[in-house]
Amino acid sequence: MNWKKNSKKCLTLIYQTLQYLKKSDLFITLTIDGLSNNYDSQKLKEVLNNIHNGFKDKIEKYRLQKQNEIQNIKFQIQKIKNVTVPNIKTQIKFLQNKIKLQKNLIKYYKNQIKAIDQKIKFLNKNIDQYKKLIDQLIKDNNNNNISSNLIISNKIISYQNMITDYTNQIKDLSLQKNKIISQTIPDIYDNIENLQNKIDNLNKSLKFDIPQQIQNLKNQIAQINLALKNTFAAKEIGKPLMFDHPVKPKKKLIITVAFITGLILSIFLVFFIEFIKGFKEE
C-alpha cells in the first residue's frame, strides 16, 4: 500500500504487524492475522478507510492549494498574452517610427550638404568675379590720373573685403559640412543601429523567450495536475497475498514438538523415579 507519512496513527486500533519497506517511507507491508481470508480482507478495507478518513481534510486542503496555484499560473499566461506581448509589439512600432525619423534626419542633412555645396559654389563664383574685377581695375589704374586711381583703389579694397568675407563664409560652410559628414550623420547611423538591435531583441523575445515562458508555465500546470492525480491517502498496490490454508495454528509443528517434549519428559521422569527409589533404599 502507498500512503503518506505519519499515517501509522490511523492503524493504532488495529493490532496487526506493520513495517516500512527498506529505503522507503511511502510504502509499507501490512500483515493481518485473522480467522479467515474474508476477515483479513475486511480488516484491510478498514485500514484503508481509516487512512482515507484521517487524511481527507488534509488532501482536500492540498487539492485546493494546488488548484489555486493552477489558477495563478493560468493568470500569468493570460497576462503574458494580453499585456506583455502587446506591450512588446507597441515598443517595436515605437522604435520603428524612431528609425524612420532618424532616416529622415539623414536625408535632411544630406540635403543640407548639397545646399552647402551650392552656397560654396556660388561664393567661389562671386570670388572669381571679384578677382576678375580687381584685375581689370588694376589694369585701368595704370592709365588714369591720380583722382581716378584713388577711386579705383577704394573699389579694389572693397572687392578684396568682399573676397575675404566670402572666403570666411566658405570656411564656415566647409566646417559645417565636415561636421555633418564626420559626426552628425555617423551618430544618427549609430542611433539607428542601436534602435534596430533593440527591435531584434524584442522580436527574439516574441519568437523564443515568450513562447518558452508560456511552455514552462504549461509544464508547471501539467506537473501539478499529475501530482493531483497521484494524490491519495493510501492505495493498495497489487493483490493481497492470501493463503489457501491457515497459517496458524501449525498443527503438525505442535504435534511434533509435543511428541518430542513428552518423550524427553518421560525419559527424564524415569530417571527421576529411579533416583528417588535409590535414595530411599540407601
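Under the 4.5 Å side-chain criterion, counting only non-hydrogen atoms from C-beta, Ile163 is in contact with Ile134. Side-chain contact between Lys218 and Ile73 is absent, with no heavy atoms from C-beta onward closer than 4.5 Å. Looking at Leu95 and Leu202, their side chains come closer than 4.5 Å, going by heavy atoms from C-beta outward. At a threshold of 4.5 Å between non-hydrogen side-chain atoms, the residues Leu64 and Glu60 do not count as touching. Counting only heavy atoms from C-beta outward, the side chains of Ile185 and Ile113 approach each other to under 4.5 Å. Lys103 has its side chain within reach of Ile99: a pair of non-hydrogen atoms, C-beta onward, lies under 4.5 Å apart. Contact check for Gln102 versus Ile106: no side-chain heavy atoms found under the 4.5 Å cut-off. The shortest distance between side-chain heavy atoms of Thr167 and Leu123 does not fall below 4.5 Å.
Atom NZ of Lys131 sits about 9.0 Å away from atom CG of Asp135, to the nearest 0.5 Å. Note that CD1 of Ile188 and CD1 of Ile180 are 9.5 Å apart. Values are rounded to the nearest 0.5 Å. In this structure, CD1 on Ile221 lies 4.0 Å from CD1 on Ile77, to the nearest 0.5 angstrom. Note: Asn197 CG to Ile192 CD1 = 12.0 Å, rounded to the nearest 0.5 Å. Atoms CD1 and CG, from Ile59 and Leu228 in turn, are 11.0 Å apart once rounded to the nearest 0.5 Å. Expressed to the nearest 0.5 Å, how far CG of Asn72 lies from CD of Gln220 amounts to 11.0 Å.
Phe75 and Ile224 end up in different hydrophobic clusters when Ile, Leu, Val, Met, Phe, Trp and Tyr side chains are linked at under 4.5 Å. Cluster annotation: Tyr109 and Tyr189 are assigned to the same hydrophobic cluster (Ile/Leu/Val/Met/Phe/Trp/Tyr, side-chain heavy-atom contacts under 4.5 Å, transitive). Leu133 and Ile157 fall into different hydrophobic clusters, where Ile, Leu, Val, Met, Phe, Trp and Tyr residues are linked whenever their side-chain heavy atoms come under 4.5 Å apart, directly or through other members. In the hydrophobic clustering of this structure, Leu105 does not group with Leu101; members are Ile, Leu, Val, Met, Phe, Trp, Tyr whose side-chain heavy atoms approach within less than 4.5 Å, directly or through other members. Linking ILVMFWY residues whenever their side-chain heavy atoms come closer than 4.5 Å, directly or via other members, places Leu173 and Tyr108 in the same cluster.
A side-chain contact (heavy atoms from CB on, under 4.5 Å) with Leu263 is found for exactly one of Thr261, Ile267, Leu265, namely Ile267.
Judged as a salt bridge (Lys or Arg N to Asp or Glu O under 4.0 Å), and not counting sequence neighbours, the contacts of Lys66 are Glu69.
Formation of a donor-acceptor pair under 3.5 Å by the Ser174 side chain with backbone atoms of Ile170 is found in this model. Ser205 contributes no side-chain N or O that, together with a main-chain N or O of Asn201, makes up a donor-acceptor pair within less than 3.5 Å.
For residues 112-130, the set of pairs meeting the salt bridge (Lys or Arg N to Asp or Glu O under 4.0 Å) definition, not counting sequence neighbours, comprises Asp117-Lys177. Residue pairs meeting the side-chain hydrogen bond (donor to acceptor under 3.5 Å, both in side chains) criterion with at least one member in residues 84-99: none, sequence neighbours excluded. Applying the ring-ring contact (aromatic ring centres under 6.0 Å, His included) test to every pair with at least one member in residues 114-134, sequence neighbours left out, gives these pairs: Tyr130-Tyr159, Tyr130-Tyr166. Applying the salt bridge (Lys or Arg N to Asp or Glu O under 4.0 Å) test to pairs two or more places apart or on separate chains, none has a residue in residues 153-171. Among residue pairs with one or both ends in residues 182-204, none qualify as salt bridge (Lys or Arg N to Asp or Glu O under 4.0 Å); sequence neighbours excluded.
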Item checked: side chain to side chain contact (heavy atoms under 4.5 Å, CB included) evaluation trace for Lys81 with Ile210 -> CA-CA 9 Å; Lys81 291 181 179 179; Ile210 297 297; over 6 Å; no
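Looking at Asn216 and Gln212, their side chains do bring a donor and an acceptor atom within 3.5 Å of each other. Counting only N and O atoms by type, the side chains of Asp209 and Gln213 include no donor and acceptor under 3.5 Å apart.
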